[in-house]
K.L.:
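Below you will find the structure I want to go over with you.
One-based numbering, in listed order, for ligands and for the atoms of each.
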Amino acid sequence: MVSDAGEVKDIATAVNEVFDQLTELDSLWSESGPSGDIFKLNSNAGGSAYKVDKRTYSLLNRGIILQELTDGAFNQLLGPVTDLWGFHSGNPHLPNQWEIAQSLPLVKGNLIFTDNDCIISEKGMKIDIGGIGKGYSVDLAVENLISRGMKSGIIEAGGDLRTFGNPPDSDNWRIGIRHPRNLEEFYGVLEIGEGSVATSGDYQQFFESNGKRYHHIIDPKTGYPAKSCVSATVLTKTCLDADAVATAVFVMGPDKGIEWLDRFDEFEGLIIYYENNGELTHNISRGLNFDPETSIITLNSLYNSGE
Ligand code: ADP
Ligand code: MG
């Protein structure tokens, strides 16, 4: 949504071009499209280096940094394990535990870059950018609109979003955080200026087997869905970072996840989880304030993180 197009006269054309860009990124980063970078890198695992598009380079390089920063809770090389769960192929199912055990060592390998040449260190390793690709696409779309002179708006892709400028008649955007069990309702409403918000939840993609919920956010240490959170929402400057860190703190859990967010001025977040007594509750980072009367979440001025 564009709320102030600045000097741009033909908004429809500009927006259509942004959609074209998103379609191009989809095929560049598709796991199965043979002309795309991710497909080529995965097919070349353990082989020769391949020169990637500079956007792929920025994406994967930031992924390497986020992987280190989150101590591996975010892992963009989870492909061998996520393939076994089948969420991307549309046929999610419980994998055999031996298969998981066999594929786990593969997620600990490396992506190696020399300039834009990239190589996956070992055969069998596989990139899965499911945890960051969407966020970075939003960043590129926002940059595109700003470079055309647009002044304010909001771009959202599947629950991850980035705002730029101010909304009409207000300093703050109001972002609803979905209630993870009553999907028609909001758990809270976040009021922010410019920034990005991403949510990872156990309700987005899951299946049930023997009464247990298996979802698509995988703990790279175990190869199984991360257990202790229901949803994790992260606020930071770029949508790429918000997307990856939401996935990472979901994996870390409600206590360690918030501890991690509180180590950085530039990340804030809310983690929803079940208490032992079965009640849904949340932990919140110190830079945010949740008003229990109104469920409005605002940036705490003490820790204003510069968004
Ligand atoms: P969504 O894409 O539904 O918004 P996420 O941003 O949490 O949700 O991304 C989940 C996707 O990221 C999974 O489908 C998978 O492709 C990938 N993924 C799962 N677990 C991890 C992880 N620990 N680190 C990085 N990527 C992950
Ligand atoms: Mg994510």
Side-chain angles (χ1 to χ4, degrees), residues 22 25-26 29-32 38-39 42 59-60 62-93 95 100 103-104 106-109 111 125-139 155-162 175 177-178 180 183 196-207 213-236 238-253 256-257 260 269-272:
L22 290 173
L25 292 175
D26 256 358
W29 295 336
S30 150
E31 280 178 20
S32 50
I38 300 299
F39 178 85
N42 283 340
L59 174 77
L60 295 175
R62 187 66 189 155
I64 292 173
I65 292 167
L66 289 163
Q67 191 158 336
E68 281 171 12
L69 219 52
T70 61
D71 203 15
F74 169 79
N75 184 330
Q76 62 185 347
L77 291 169
L78 217 49
V81 174
T82 49
D83 272 1
L84 295 175
W85 287 94
F87 284 104
H88 293 198
S89 63
N91 175 28
H93 58 274
I100 298 227
S103 59
L104 269 184
L106 289 169
V107 313
K108 297 191 181 84
L111 266 187
M125 285 171 54
K126 191 171 178 197
I127 297 171
D128 173 354
I129 55 154
I132 41 173
K134 202 165 53 179
Y136 192 41
S137 302
V138 169
D139 286 330
I155 301 246
E156 191 256 0
D160 297 353
L161 61 86
R162 179 164 175 171
I175 314 291
I177 297 175
R178 199 181 292 286
L183 299 181
S196 299
V197 180
T199 298
S200 285
D202 72 358
Y203 54 88
Q204 288 160 323
Q205 289 188 50
F206 68 94
F207 64 92
R213 179 186 289 241
Y214 295 93
H215 59 78
H216 71 146
I217 302 157
I218 306 294
D219 182 343
K221 285 207 180 91
T222 63
Y224 282 84
K227 280 200 181 117
S228 44
C229 294
V230 172
S231 90
T233 297
V234 167
L235 164 65
T236 191
T238 69
C239 202
L240 188 166
D241 282 8
D243 193 4
V245 171
T247 307
V249 296
F250 187 106
V251 169
M252 292 175 200
K256 290 220 170 84
W260 189 93
L270 172 91
I271 300 182
I272 305 175

K.L.:
Which atom pair, heavy atoms only, marks the closest approach of Arg178 to Tyr203?
P.N.:
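Residues Arg178 and Tyr203, closest heavy atoms: CD-CE1, 3.9 Å.
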K.L.:
Looking at ligand 1, would Gly159 count as a contact under a 4.0 Å heavy-atom criterion?
P.N.:
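Distance cut 4.0 Å: Gly159 fails for ligand 1.
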K.L.:
Checking the N or O distance criterion of under 3.5 Å, is ligand 1 in contact with Gln205?
P.N.:
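No; the residue has no nitrogen or oxygen that sits under 3.5 Å from a nitrogen or oxygen of the ligand.
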K.L.:
Check the surroundings of atom NZ in Lys221: do more than 12 heavy atoms from other residues, nucleotides or ligands lie under 6.0 Å from it?
P.N.:
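At most 12 heavy atoms, drawn from other residues, nucleotides or ligands, come within 6.0 Å of this atom.
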K.L.:
Are any side-chain N or O atoms of His93 and backbone N or O atoms of Asn91, one a donor and one an acceptor, separated by less than 3.5 Å?
P.N.:
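A pair under 3.5 Å: yes.
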K.L.:
I need the atoms of ligand 1 closer than 4.0 Å to a non-hydrogen atom of Pro220, numbered in the order shown.
P.N.:
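Ligand 1 atoms under the 4.0 Å threshold to Pro220: 23 (N).
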K.L.:
Could you tell me whether Asp160 and ligand 1 have an N or O pair separated by under 3.5 Å?
P.N.:
no
K.L.:
Run the contact test for Phe74 against ligand 1 with a 4.0 Å cut-off on heavy atoms, strictly below, and give the result.
P.N.:
yes
K.L.:
Out of all atoms in ligand 1, which are within 4.0 Å of some heavy atom of Val251? Include the element for each.
P.N.:
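By the 4.0 Å cutoff, the relevant atoms are 23 (N).
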K.L.:
Backbone N or O of Asp139 within a donor-acceptor pair of the Arg162 side chain at under 3.5 Å?
P.N.:
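Not confirmed, Arg162 side chain does not pair with Asp139 backbone.
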K.L.:
For residues Cys239 and Asp160, report the shortest heavy-atom separation together with the two atoms involved.
P.N.:
SG-CB, 3.8 Å
K.L.:
If only side-chain N and O atoms count, and only distance matters, is there a donor-acceptor pair under 3.5 Å linking Asp128 with Thr82?
P.N.:
yes
K.L.:
Less than 3.5 Å between some nitrogen or oxygen of Leu78 and one of ligand 1, yes or no?
P.N.:
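Checking ligand 1 against Leu78, no N or O pair falls under 3.5 Å apart.
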K.L.:
Closest by any non-hydrogen atom to atom 24 (N) of ligand 1: pick that one out of Val81, Asn75, Thr70, Leu66.
P.N.:
Asn75
K.L.:
Could you tell me, atom by atom, which parts of ligand 1 come under 4.0 Å of a heavy atom of Gly131?
P.N.:
9 (O), 11 (C), 12 (O), 17 (C)
K.L.:
Name the one of Ile155, Ile175, Val138 that satisfies side chain to side chain contact (heavy atoms under 4.5 Å, CB included) with Leu161?
P.N.:
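When side chain to side chain contact (heavy atoms under 4.5 Å, CB included) is applied between Leu161 and each of Ile155, Ile175, Val138, only Ile175 qualifies.
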K.L.:
Is Ala73 close enough to touch ligand 1? Criterion: a residue heavy atom under 4.0 Å from a ligand atom.
P.N.:
yes
K.L.:
Would one find an N or O of His216, backbone or side chain, under 3.5 Å from an N or O of ligand 1?
P.N.:
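Between His216 and ligand 1, an N or O pair is found under 3.5 Å apart.
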K.L.:
Does any N or O atom in Ser200 lie less than 3.5 angstrom from one in ligand 1, N or O only?
P.N.:
yes
K.L.:
Closest heavy-atom contact between Val230 and Phe250?
P.N.:
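What the structure gives for the nearest pair is O-CE1, 3.5 Å.
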